[in-house]
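Predicted, not measured: the structure shown is a model, and the values here were computed from it. The sequence lines fix the lettering, A, B, ..., with proteins before strands; numbering per chain opens at 1.
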Amino acid sequence: MPELPEVETVARGLSELLVGRRFTAVHIRWPRTVVQPEAERFAQELVGREIRSVGRRGKYVVMGLDRGCLLIHLKMSGRLSVEPAGDPVDGHTHTLFDLDDGFQLRFRDVRKFGRVYLVQEMDQVTGILGPEPLAEDLTLEGFAALLARRSGRLKALLLNQTFLAGLGNIYADESLFAAGLHPLRKANSLTAEEQARLYHAIRGVLSRAVDGRGTTLEDRGYVDATGQPGSYQTRIAVYGRTGEPCAVCGAAIERIVVGGRSTHYCPRCQA
DNA sequence: AAAGCACCCTGTACGC
DNA sequence: TGCGTACAGGGTGCTT
């Protein structure tokens, strides 16, 4: 559920709380959370390292350490928070990182899909990701060239992290709506004008969602590192609105399945 | 290269 | 009331 805007918001919040702190111990209650290195070594090797930066690449939270880096993927239901080490621990909190100031970085993850990595270079994990949608160096020309060499359907492509990093189901649907493009359109069939619409739609939607500190839908419970919900849910046009009238044209929003993911779109605005 | 699907998980919704 | 079952979703990996 957390996509680029949510991960960005979490990372910014953690940065305030964690930069300069040092890990003093690591407690792993669900070892499968740890991908690399193996859980016991992960815990041992992290002790004593200092957090120099907290940022984001795609949907990964990336912590630069004095040696190597720690990456965390929240997947569906992961939440990160910083709490006093003595506070009660919820049953879904599977990984806890003791800090040198008496606080604890806690990784709570109801569905247990979330993953953590400790590596020398972040590219060992993020190297396969596509470009950052909001990066200045992703130009319209560059993006158009990427689209032109893909024959797949737009929705599937936007969800493909090796094509573009950071979009998930919500912002892929919202971007396609903002661009006025049907999710089943083939990427290499877009006119130059449509390529431009998609480029600006993705960047606009993501920028506004970052400004709004992410999307918190009623049925999921995204919150940032300080427990605050986002506000972008008030601006969602199509995601999860099957059957509701389109705010632009009034047509009923439709739902189809693309690449095994539910996809919401306006049949009139996105013809 | 594209697309379909199983898998990993669990809370929630729904049918009986 | 309570049970069983389907489903959602990010990403990987396997198969077609």
*Asks:* Sorted by first residue and then second, give each side chain to side chain donor-acceptor pair (under 3.5 Å) pair with at least one member in residues 251-263 of chain A; sequence neighbours left out.
*Replies:*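 For residues 251-263 of chain A, and leaving out neighbouring residues, the side chain to side chain donor-acceptor pair (under 3.5 Å) pairs sorted by first residue read A:K155-A:T263, A:E254-A:Y265.
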*Asks:* Please enumerate all residues that pass side chain to side chain contact (heavy atoms under 4.5 Å, CB included) together with A:P84, with sequence neighbours excluded.
*Replies:*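 Only A:D87, A:F103 meet the side chain to side chain contact (heavy atoms under 4.5 Å, CB included) criterion with A:P84.
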*Asks:* Check ring pair (Phe, Tyr, Trp, His ring centres under 6.0 Å) between A:F107 and all other residues, then give those that pass, not counting sequence neighbours.
*Replies:*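 Expected list: none.
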*Asks:* For A:T226, enumerate each residue passing the side-chain hydrogen bond (donor to acceptor under 3.5 Å, both in side chains) test, keeping only those at least two apart in sequence or located in another chain.
*Replies:*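 Only A:D224 meet the side-chain hydrogen bond (donor to acceptor under 3.5 Å, both in side chains) criterion with A:T226.
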*Asks:* Output yes when at least one side-chain N/O atom of A:R108 is less than 4.0 Å from OP1 or OP2 of B:dT10, else no.
*Replies:*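 The answer is no; no side-chain N or O of A:R108 sits under 4.0 Å from OP1 or OP2.
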*Asks:* Just to verify, what does A:F23 make a ring pair (Phe, Tyr, Trp, His ring centres under 6.0 Å) with, not counting sequence neighbours?
*Replies:*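 A:F23 satisfies ring pair (Phe, Tyr, Trp, His ring centres under 6.0 Å) with A:F97 once adjacent residues are dropped.
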*Asks:* Please identify each residue that fulfils side chain to side chain contact (heavy atoms under 4.5 Å, CB included) with A:A148, with sequence neighbours left out.
*Replies:*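 A:A148: side chain to side chain contact (heavy atoms under 4.5 Å, CB included) contacts with A:Q195.
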*Asks:* Tell me, for nucleotides 10-16 of chain C in 5' to 3' order, what letter each nucleotide earns: B for a base near a protein heavy atom under 4.0 Å, S for only sugar-phosphate near one, - for neither?
*Replies:* BBS----
*Asks:* Using whole Å, report how far CD1 of A:I256 lies from P of B:dA3.
*Replies:*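 Distance check: A:I256 CD1 to B:dA3 P gives 12 Å.
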*Asks:* Rounded to whole angstroms, how far apart are CZ on A:R153 and P on B:dA3?
*Replies:*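 Atom CZ in A:R153 sits about 5 Å away from atom P in B:dA3.
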*Asks:* Near DNA chain B, which residues from residues 26-36 of chain A have a heavy atom under 4.0 Å away?
*Replies:*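 A:W30, A:R32, in order of number.
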*Asks:* I need the CG-C1' distance between A:L154 and B:dA3, as an integer number of Å.
*Replies:*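 After rounding, the gap between these two atoms is 15 Å.
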*Asks:* Just N and O in the side chain of A:K112: are any of them under 4.0 Å from OP1 or OP2 of B:dC8?
*Replies:*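 Looking at the OP1 and OP2 atoms of B:dC8, neither is under 4.0 Å from any side-chain N or O of A:K112.
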*Asks:* Quick one: list whatever passes side chain to side chain contact (heavy atoms under 4.5 Å, CB included) with A:T93, sequence neighbours left out.
*Replies:*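 Only A:V89, A:D90, A:L96, A:R106, A:R108 meet the side chain to side chain contact (heavy atoms under 4.5 Å, CB included) criterion with A:T93.
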*Asks:* Within this structure, what is the CZ-to-C1' distance between A:F163 and B:dA1, rounded to whole angstrom?
*Replies:*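 Checked: the CZ to C1' distance equals 13 Å.
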*Asks:* Check whether A:L129 and A:V125 end up in the same hydrophobic cluster, where Ile, Leu, Val, Met, Phe, Trp and Tyr are linked by side-chain heavy atoms less than 4.5 Å apart.
*Replies:*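 They do share one cluster, since a chain of ILVMFWY contacts under 4.5 Å joins A:L129 to A:V125.
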*Asks:* Assign A:G152 to base, sugar-phosphate, or nothing according to its heavy-atom contacts below 4.0 angstrom with the strands shown.
*Replies:*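 Result for A:G152 = sugar-phosphate.
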*Asks:* Would you say a side-chain N or O of A:H92 is under 4.0 Å from OP1 or OP2 of B:dG11?
*Replies:*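 So the side-chain polar atoms of A:H92 do come within 4.0 Å of the phosphate oxygens OP1 or OP2 of B:dG11, strictly under.
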*Asks:* Taking side-chain hydrogen bond (donor to acceptor under 3.5 Å, both in side chains) as the definition, give me every residue that meets it alongside A:E193, ordered by chain and number, with sequence neighbours left out.
*Replies:*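 With neighbours one apart ignored, the set is A:R197.
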*Asks:* So, A:R21 and A:D100, do they make that salt bridge, N to O below 4.0 Å?
*Replies:*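 So A:R21 pairs with A:D100 through a salt bridge.
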*Asks:* For a quick test of reading the model: is some side-chain N or O of A:S151 closer than 4.0 Å to OP1 or OP2 of B:dA1?
*Replies:*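 Checking B:dA1 against A:S151, no side-chain N or O comes under 4.0 Å of OP1 or OP2.
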*Asks:* Between the two ends of the helix from B:dA2-C:dT16 to B:dC16-C:dG2, what is the bend in degrees, rounded to 10 degrees, where each end axis spans five pairs?
*Replies:*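 Terminal axis comparison yields 60°.
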*Asks:* Under 4.0 Å, heavy atoms only, any strand: does A:K155 hit a base, just the sugar-phosphate, or nothing?
*Replies:*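 Result for A:K155 = nothing.
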*Asks:* Could you tell me the separation between the CZ atom of A:R115 and the P atom of B:dC8, rounded to a whole number of Å?
*Replies:*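 Between P of B:dC8 and CZ of A:R115: 11 Å.
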*Asks:* What's the CG-P distance between A:N160 and B:dG4, to the nearest Å?
*Replies:*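 Result: 14 Å.
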*Asks:* In whole angstroms, how far is the P atom of C:dG9 from the CZ atom of A:R111?
*Replies:*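 Answer to the nearest Å: 10 Å.
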*Asks:* Going by an N to O cut-off under 4.0 Å, is there a salt bridge joining A:E174 and A:R235?
*Replies:*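 Not counted as a salt bridge, because no side-chain N and carboxylate O are separated by less than 4.0 Å.
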*Asks:* Contact class for A:R255 (heavy atom, under 4.0 Å): base, sugar-phosphate, or nothing?
*Replies:*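 Here A:R255 touches the backbone only, sparing every base.
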*Asks:* Under 4.0 Å between any heavy atoms, over every strand shown, what does A:S262 touch: base, sugar-phosphate, or nothing? Just pick one.
*Replies:*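 Sugar-phosphate contact only.
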*Asks:* Mind checking what makes ring pair (Phe, Tyr, Trp, His ring centres under 6.0 Å) contact with A:F177, not counting sequence neighbours?
*Replies:*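 By the ring pair (Phe, Tyr, Trp, His ring centres under 6.0 Å) rule, A:F177 matches no residue at all.
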